[in-house]
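Have a look at the structure below before the remarks.
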Amino acid sequence: MNTSRRNPHRSRLRTAAASAAAVALAATGLATLPSSASAAADGIVVQYRTSASGASADQSEPWLKVRNAGSTSVPLSSVKVRYYFKADSPSAAYRFACSWAVKGCANITGTFGTLANPTATADRYLEIGFTAGAGSLAPGADTGDMQLRFHQSSWASLVQSDDYSFGPDRTAYGDWSKVTAHVNGATVWGEAPGGNGPTDPPDPTDPPTDPPGDAPTLFDDFTYSSHTDPKIGANGWSVRSNSGGPGVPGATWAPENVTFASQSGNSVMNLETSTAGTGASTKHTEILTKSMKFKNGTYASRVKFSDAPRSGPDGDRIVQTFFTINDLKAPMADDYAEYDFEYLPNGGWGEPANILYTTSWETYRPDPWEAVNAHSEVRASYAGWHDLVVTIDDNEITYYVDGQHFGTHGAAYLPERPMSINFNQWLIDLEGQPSTTPRAYDQQVDYVLHVKDQVLTPSQVNAMVGAYRSAGTSFEDTVPGS
């Protein structure tokens, strides 16, 4: 199957809408977590110090420790820590880095978000998370040093003196309530800036109810040996090799660049996209279900996005995705459907820097270009592992990132026909990095889940995936054919 991903995608549509919608979408892109907790109910305490104490600096350096003061072990993969700050300008973009950590920088993630209710001292936050490789915190244990930093993408000087979480006199570790901690979405330590407190109704990270157990389901842990493993086809997947779009003209789709390896006890699929600056040297990657049999219900995956190439010079306008799609039978056909998570670490489609889109498509015409879609976006780094969930019922399409609401699109964009499930990584063009030095980018996928005709919360998704793994089930497909 040749998926119909478009090179110009939505740039013309966005030209008309961007000035009115971009600020609003960025401000509401991520729902807030509950704002405060007194003594940590789960025993989690955050300690903070700074190694860059000036009112302004080339980069902010919040060094953190997470301590378990409770009586039970806490998996670090369930913990998120937020450091709140004021952006230096509305359009400022930031990059996260880990200089050193006892737990290993490879096991620490950093992403940026936008507060729904900005204050005088905070409109953004840096959220620190942990991979499964970070392990658990036993009672009384802490993570040890996490020497973290972030800076403007332009490396312009940033002002810290007006940042909510900044403590200029904190040159030694101590408990710090202006940094919040969250366990499975519930705030257990600290207090967020005013106006970013609990919302009603409860958000989807409230304690999960047991997920329904009787719905047709697809689950795949991607436990395969290579792209030639016969189980891939037997389990309903196709590793793309046919030519065509989207992306760089003349590029090929390389099945051999879809590989599998074990990480922290789970099998992980890697999509590698590479180029040496020409169409002929460019290799895209994609894997998709052979059957278009998926429509309403819940779709979920854990995906690792990357901001930089694994090797070679950075700067290519690359797209890293998880999406569902069916075929466009005619220009502007009203039974077309597509629902996207698309991460652009180096920008593209008129965007100058990293941005994450969720887009729901009604239809489009490729020539002359015309699109009917709805989209939400956040202009921030999403490097690292993320839990992606999209639900489709009879009224709307709702997207979640890491358990938090990202966007909702209305009934006009609901699917009329079933779709395939796809992951791909591809280059929009070769204009972002003109070098002919070879470079390669990775996108990794931990699992995929679809539950037919049932809307699950992100917490229920996590419970289902945990149940499959506890049972040792690496694959199940009970979704009937279309």
Side-chain angles (χ1 to χ4, degrees), residues 1-6 9-10 215-220 222 232-233 235-240 242 244-246 253 271 285-301 303 319-342 357-366 371-376 388-400 406-426 445 447-456 461 476-482:
M1 175 181 171
N2 180 10
T3 56
S4 56
R5 316 284 294 147
R6 279 79 58 206
H9 213 65
R10 55 178 83 80
T217 300
L218 166 69
F219 173 74
D220 200 333
F222 295 111
I232 294 177
N235 288 348
W237 295 98
S238 174
V239 182
R240 183 176 174 182
N242 59 299
W253 295 82
L271 306 179
T285 43
E286 179 167 25
I287 186 169
L288 62 153
T289 59
K290 293 185 285 187
S291 175
M292 288 191 290
K293 63 178 184 177
F294 307 98
K295 193 181 175 194
N296 286 18
T298 299
Y299 300 82
S301 184
V303 177
V319 185
Q320 302 171 347
T321 76
F322 165 45
F323 63 101
T324 66
I325 193 171
N326 60 30
D327 52 329
L328 182 74
K329 293 185 176 296
M332 302 303 286
D334 62 5
D335 63 349
Y336 177 73
E338 180 181 350
Y339 306 96
D340 302 330
F341 288 92
E342 295 172 309
Y357 290 109
T358 59
T359 308
S360 302
W361 289 81
E362 169 58 18
T363 190
Y364 73 99
R365 178 174 57 208
V372 181
N373 63 25
H375 55 89
S376 304
L388 310 179
V389 176
V390 56
T391 63
I392 304 172
D393 59 20
D394 292 332
N395 300 300
E396 61 191 15
I397 305 102
T398 305
Y399 297 86
Y400 302 92
F406 193 94
T408 297
H409 304 150
Y413 306 98
L414 292 172
E416 291 84 7
R417 289 190 290 122
M419 303 165 287
S420 62
I421 297 174
N422 304 51
F423 299 88
N424 66 17
Q425 184 180 221
W426 50 280
V445 182
Y447 73 85
V448 68
L449 174 74
H450 170 67
V451 181
K452 178 179 171 62
D453 294 331
Q454 293 193 348
V455 171
L456 305 186
V461 166
E476 178 180 79
D477 186 3
T478 59
V479 180
S482 57

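Values below: all heavy atoms of this structure, side chains included; hydrogens, waters and symmetry mates excluded.
Pro366 and Leu328 get closest at one heavy-atom pair: CD-CD2, 4.3 Å. Smallest separation of non-hydrogen atoms from Trp253 and Gly244: NE1-O, 2.9 Å. Here the closest non-hydrogen pair linking Val389 and Ala300 is CG2-CB, 3.9 Å. When all heavy atoms of Ile392 and Pro415 are compared, the closest pair comes out as CG2-CD, 3.7 Å. Closest non-hydrogen pair, Gly407 versus Ser376, comes out as CA-OG, 3.6 Å.
Here Tyr336 contributes atom OH and Arg365 contributes atom CZ; the two are 15.0 Å apart, rounded to the nearest 0.5 Å. Residue Thr321 holds its OG1 atom at 7.0 Å from CD of Glu286, rounded to the nearest 0.5 Å.
Remark: side-chain polar atoms of Thr298 are not paired, donor with acceptor, to backbone N or O of Thr391 under 3.5 angstrom. Looking only at distances, no side-chain donor or acceptor of Lys452 sits under 3.5 Å from a matching main-chain atom of Ala215. At distances below 3.5 Å, at least one donor-acceptor pair connects side-chain atoms of Asn326 with backbone N or O atoms of Ala337. Counting only distance, with no hydrogens or angles, the side chain of Thr289 and the backbone of Ser291 share a donor-acceptor pair below 3.5 Å. The backbone N or O of Asn395 lies less than 3.5 Å from a partner atom in the side chain of Asp393, making a donor-acceptor pair. Gln425 places a side-chain N or O within donor-acceptor distance of the main-chain N or O of Leu271, the cut-off being under 3.5 Å.
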Take Asn424 and Trp426 through the side-chain hydrogen bond (donor to acceptor under 3.5 Å, both in side chains) test and state the conclusion after the steps. CA-CA 7 Å; Asn424 66 17; Trp426 50 280; 3.2 Å; yes
Start with the C-alpha distance between Ile325 and Met292, add both sets of side-chain angles, then the distance that settles side chain to side chain contact (heavy atoms under 4.5 Å, CB included), and finish with yes or no. CA-CA 8 Å; Ile325 193 171; Met292 288 191 290; over 6 Å; no
Would Glu362 and Asn373 count as a side-chain hydrogen bond (donor to acceptor under 3.5 Å, both in side chains) if you check the C-alpha gap in whole Å, the side-chain angles of each, and the deciding distance to 0.1 Å? CA-CA 6 Å; Glu362 169 58 18; Asn373 63 25; over 6 Å; no
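Tyr400 and Phe406 have their aromatic ring centers separated by at least 6.0 angstrom. Between Phe222 and Trp237, the ring centre distance stays below 6.0 Å.
For the pair Asp334 and Thr363, the minimum side-chain heavy-atom distance is 4.5 Å or more. A 4.5 Å side-chain heavy-atom check between Ile397 and Val390 finds at least one atom pair inside the cut-off. Using a 4.5 Å heavy-atom cutoff, the side chains of Asn422 and Ile287 are not in contact. Leu449 places none of its side-chain heavy atoms less than 4.5 Å from the side chain of Leu218. Side-chain contact between Thr359 and Phe323 is absent, with no heavy-atom pair separated by less than 4.5 Å. Residues Pro331 and Tyr364 have side chains not in contact (no heavy-atom distance under 4.5 Å, counting atoms from C-beta outward). In this structure, the side chains of Tyr339 and Thr358 stay at 4.5 Å or more apart for every pair of heavy atoms.
With sequence neighbours excluded, the residues that form a ring pair (Phe, Tyr, Trp, His ring centres under 6.0 Å) with His450 are Phe294, Tyr299. By the side chain to side chain donor-acceptor pair (under 3.5 Å) test, Thr478 is found to be paired with no residue, residues two or more places apart in sequence or in another chain being considered. A search for side chain to side chain donor-acceptor pair (under 3.5 Å) contacts involving Asp477 returns Lys293, not counting sequence neighbours. For Asp335, the side chain to side chain donor-acceptor pair (under 3.5 Å) partners at least two apart in sequence or on another chain are Arg417. Take Thr285 and apply the side chain to side chain donor-acceptor pair (under 3.5 Å) test, not counting sequence neighbours, and it matches Thr273. By the ring pair (Phe, Tyr, Trp, His ring centres under 6.0 Å) test, Phe219 is found to be paired with Tyr468, residues two or more places apart in sequence or in another chain being considered.
Phe341 pairs with exactly one of Tyr399, Tyr357, Phe423 by the ring-ring contact (aromatic ring centres under 6.0 Å, His included) rule, that one being Tyr399.
Side-chain atoms of His409 and Ser360 include a donor-acceptor pair closer than 3.5 Å.
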